[in-house]
Amino acid sequence: QVQLVESGGGLVQAGGSLRLSCAASGSSGGTVNTMGWYRQVPGEPRESVAAITKYGSTNYADSVKGRFTISRDYAKNTVALQMNSLKPEDTAVYYCNADVTVVVNVEGATRTKEYWGKGTLVTVSS
């Protein structure tokens, strides 16, 4: 069973920076494909913030382009989100996300499953 553990959330003033990290464990024998970060505020749907594929391609929500940078350590199965020039509207619970493909039988059939971390709170004060 894959587990994702986030760290790095906290309280920061507007204009400041935070770095979120996420470590995936239990994925041995499987392939960790895309890893990413989502965020959610109460009463709103969870939204994608940034993602990075196993090939290194990245994409960002328009609201964070130029301010946030996603990176990944493929050997350690970790993903980080460097957040600069933070704004009060960035306040949310940030969730790490990963999809993992495993081989399920001797014929080579595979199954891909999505995993989520428990979330880390980021609060940006004005």
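Keep in mind it's a predicted model, so treat the numbers as computed, not measured.
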(request) Begin from the C-alpha positions of C22 and W37 and carry the test side chain to side chain contact (heavy atoms under 4.5 Å, CB included) through to its verdict. (result) CA-CA 9 Å; C22 172; W37 292 92; 3.6 Å; yes

(message) If you apply the rule side chain to side chain contact (heavy atoms under 4.5 Å, CB included), what do you find for R72 with V32, and how did you get there?
(response) CA-CA 11 Å; R72 185 168 168 178; V32 181; 3.5 Å; yes

(request) Decide yes or no on side chain to side chain contact (heavy atoms under 4.5 Å, CB included) for K54 and T34, but give the supporting numbers first. (result) CA-CA 6 Å; K54 62 181 179 180; T34 298; over 6 Å; no

(request) Using the side chain to side chain contact (heavy atoms under 4.5 Å, CB included) rule, take C96 and V79 through it: C-alpha gap first, then chi angles, then the decisive distance, then the call. (result) CA-CA 8 Å; C96 180; V79 64; 3.8 Å; yes

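A donor and an acceptor atom, one from each side chain of T101 and N33, are located under 3.5 Å apart. Inspection of the N84 and S17 side chains reveals an N or O donor paired with an N or O acceptor under 3.5 Å.
Among all heavy-atom pairs drawn from A24 and L4, the shortest one is CB-CD2, 3.4 Å. Contact between R19 and S71 at its shortest, heavy atoms only, is NH2-OG, 3.8 Å. Of all heavy-atom pairs between M83 and L20, the closest is CE-CG, 3.7 Å. S48 and A61 make their closest contact through O-CB, 3.4 Å (heavy atoms, listed as atom of the first residue, atom of the second, distance). Listed here is the closest heavy atom pair of M35 and A98: CG-CB, 4.0 Å.
With contacts defined as side-chain heavy-atom distances shorter than 4.5 Å, the pair Y74/I52 qualifies. Taking the side chain as every heavy atom from C-beta outward, F68 and L81 approach each other to under 4.5 Å. Counting heavy atoms from C-beta outward, N97 and E114 have side chains that approach closer than 4.5 Å. Between D99 and K113, the closest side-chain pair of non-hydrogen atoms is not below 4.5 Å.
The environment of R111 atom CZ is sparse: at most 12 non-hydrogen atoms of other residues, nucleotides or ligands sit within 6.0 angstrom.
Applying the 4.5 Å side-chain rule to ILVMFWY residues, one finds Y38, Y95, W116, L121 in the same cluster as V93.
Between the side chain of T120 and the main chain of S7, no donor-acceptor pair closer than 3.5 Å is present. Checking side-chain atoms of D73 against main-chain N and O of N77 turns up no donor-acceptor pair under 3.5 Å.
Hydrophobic clustering (side-chain heavy atoms under 4.5 Å, transitive across Ile, Leu, Val, Met, Phe, Trp, Tyr) keeps V122 apart from V5. L86 and V41 fall into different hydrophobic clusters, where Ile, Leu, Val, Met, Phe, Trp and Tyr residues are linked whenever their side-chain heavy atoms come under 4.5 Å apart, directly or through other members. By the criterion of side-chain heavy atoms lying less than 4.5 angstrom apart, applied directly or through intervening Ile, Leu, Val, Met, Phe, Trp or Tyr residues, Y115 is grouped together with V104 in one hydrophobic cluster.
To the nearest 0.5 Å, atom CG of residue L18 and atom CD of residue Q82 are 8.5 Å apart.
The salt bridge (Lys or Arg N to Asp or Glu O under 4.0 Å) analysis of residues 86-98, with sequence neighbours excluded, yields the pairs R39-D90, R67-D90.
Checked against side chain to side chain contact (heavy atoms under 4.5 Å, CB included), S25 has the following partners two or more places apart in sequence or in another chain: Q3.
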